[in-house]
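The structure under discussion appears below in the form of structure tokens.
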Amino acid sequence: MDTFWNRARGLVAVVGLVLLTGCVSQPMPGEGGFEAEVPLTNTYWQLHVVAGEPVADSDAASEAHLILRDDGMVNGFGGCNAFRGEYEVINNRNLVFSSMASTRRACQNRDNPERALFAAMASTAGVQMGARRLHLLNSEGETLAEFVATRQP
């Protein structure tokens, strides 16, 4: 009888390890020898520059970011308010945001990049990617905002 329980405990331990292994996040491409490019969709894009100004460092809970989902939805955080909406990529270079909505918290932080980010998204006509960076471009091809891929969501 003891042998049965020892085998059962061993089996439970093995199954537990297999399940935990499946929960470990995978490194993003570019880490640990993977290729340097990351996908446009389902990547956590942290805002680094908007309207030509570097974004001040903030804690992870309040950093401005966006995530473009496979289903054409976009969501993120502007530094004070959460936002969501839709996006469309046309001909692999034109990017348009639409049906955007955000929460309406009043924010007192002067370093908050939210207004500039929302203005950049409203004026976005194109996108450029490379070296783990995403650039939102206006219709003249000028950079409105720059994001860096930091992790998978």
Side-chain angles (χ1 to χ4, degrees), residues 14-153:
V14 168
V15 169
L17 285 174
V18 169
L19 291 174
L20 285 175
T21 302
C23 294
V24 174
S25 65
Q26 298 298 315
M28 285 192 58
E31 296 176 352
F34 290 91
E35 62 188 56
E37 295 300 317
V38 295
L40 174 66
T41 59
N42 301 318
T43 298
Y44 184 100
W45 294 103
Q46 181 183 357
L47 182 65
H48 274 255
V49 177
V50 63
E53 296 293 322
V55 174
D57 288 336
S58 60
D59 61 33
S62 63
E63 69 186 11
H65 68 276
L66 63 79
I67 301 170
L68 302 161
R69 305 289 180 181
D70 284 335
D71 62 0
M73 301 301 291
V74 58
N75 66 286
F77 188 73
C80 179
N81 289 286
F83 64 86
R84 68 171 190 248
E86 299 175 6
Y87 76 94
E88 182 178 6
V89 177
I90 305 163
N91 298 327
N92 289 327
R93 63 179 182 169
N94 297 336
L95 177 72
V96 178
F97 294 101
S98 62
S99 304
M100 299 301 290
S102 74
T103 56
R104 301 275 186 188
R105 291 182 47 206
C107 304
Q108 304 302 321
N109 183 351
R110 292 179 187 238
D111 292 334
N112 186 334
E114 187 168 277
R115 285 185 184 204
L117 172 60
F118 289 173
M121 291 174 73
S123 299
T124 296
V127 63
Q128 182 181 34
M129 288 181 59
R132 301 175 58 89
R133 299 205 181 271
L134 170 69
H135 295 264
L136 301 183
L137 309 174
N138 65 15
S139 59
E140 287 79 41
E142 299 165 330
T143 298
L144 300 168
E146 178 184 327
F147 296 83
V148 175
T150 59
R151 62 184 181 270
Q152 296 296 124

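Below, each value reflects all heavy atoms present in this structure, side chains not excepted, and no hydrogens, waters or symmetry copies. All of these numbers come straight from a predicted model, not from anything done at the bench.
- Side-chain atoms of Asn91 never come within 3.5 Å of backbone atoms of Arg93 as a donor-acceptor pair (strictly under, hydrogens ignored).
- Side-chain atoms of Val74 and Trp45, non-hydrogen and from C-beta on, never get closer than 4.5 Å to each other.
- The backbone N or O of Cys80 lies less than 3.5 Å from a partner atom in the side chain of Glu114, making a donor-acceptor pair.
- With rounding to the nearest 0.5 Å, the separation of NE2 in His48 from NE2 in His135 is 11.0 Å.
- Rounded to the nearest 0.5 Å, atoms CD (Glu146) and CG (Leu136) are 10.0 Å apart.
- Here the shortest heavy-atom pairing between Arg69 and Thr41 reads O-CG2, 4.0 Å.
- Put simply, the side chain of Val148 reaches to within 4.5 Å of the side chain of Arg133, judged on heavy atoms.
- Contact check for Thr143 versus Leu137: side-chain heavy atoms found under the 4.5 Å cut-off.
- With hydrogens and angles ignored, the 3.5 Å screen pairs no side-chain donor or acceptor of Thr103 with any backbone N or O of Asn81.
- Using cut-offs of 30° and 60° on the angle between ring planes, the pair Tyr87 and Phe97 is tilted.
- Using a 4.5 Å cut-off on side-chain heavy atoms (C-beta onward), Arg84 and Met100 make no contact.
- Interatomic distance, Ile67 CD1 to Leu40 CG, rounded to the nearest 0.5 Å: 12.0 Å.
- Nearest heavy-atom pair across Leu117 and Ala64 is CD2-CB, 4.5 Å.
- The two residues Leu134 and Met129 make their nearest non-hydrogen contact at CD1-CG, 3.6 Å.
- Heavy atoms from other residues, nucleotides or ligands lying under 6.0 Å from CG of Asp71 number more than 12.
- With contacts defined as side-chain heavy-atom distances shorter than 4.5 Å, the pair Phe147/Thr43 does not qualify.
- Residues His65 and Leu47 are not in side-chain contact: their nearest non-hydrogen atoms beyond the backbone lie 4.5 Å or more apart.
- Here the OG-CG distance, from Ser102 to Asn75, works out to 13.0 Å after rounding to the nearest 0.5 Å.
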Using residues 121-128 as the side-chain source, report each donor-acceptor pair under 3.5 Å to any protein atom, sequence neighbours left out, with the distance given to one decimal.
residue: Ser123; atom: OG; partner: Ala119; partner atom: O; Å: 3.3
residue: Thr124; atom: OG1; partner: Ala120; partner atom: O; Å: 2.7

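- Other residues, nucleotides and ligands place more than 12 heavy atoms under 6.0 Å from the CG atom of Asp70.
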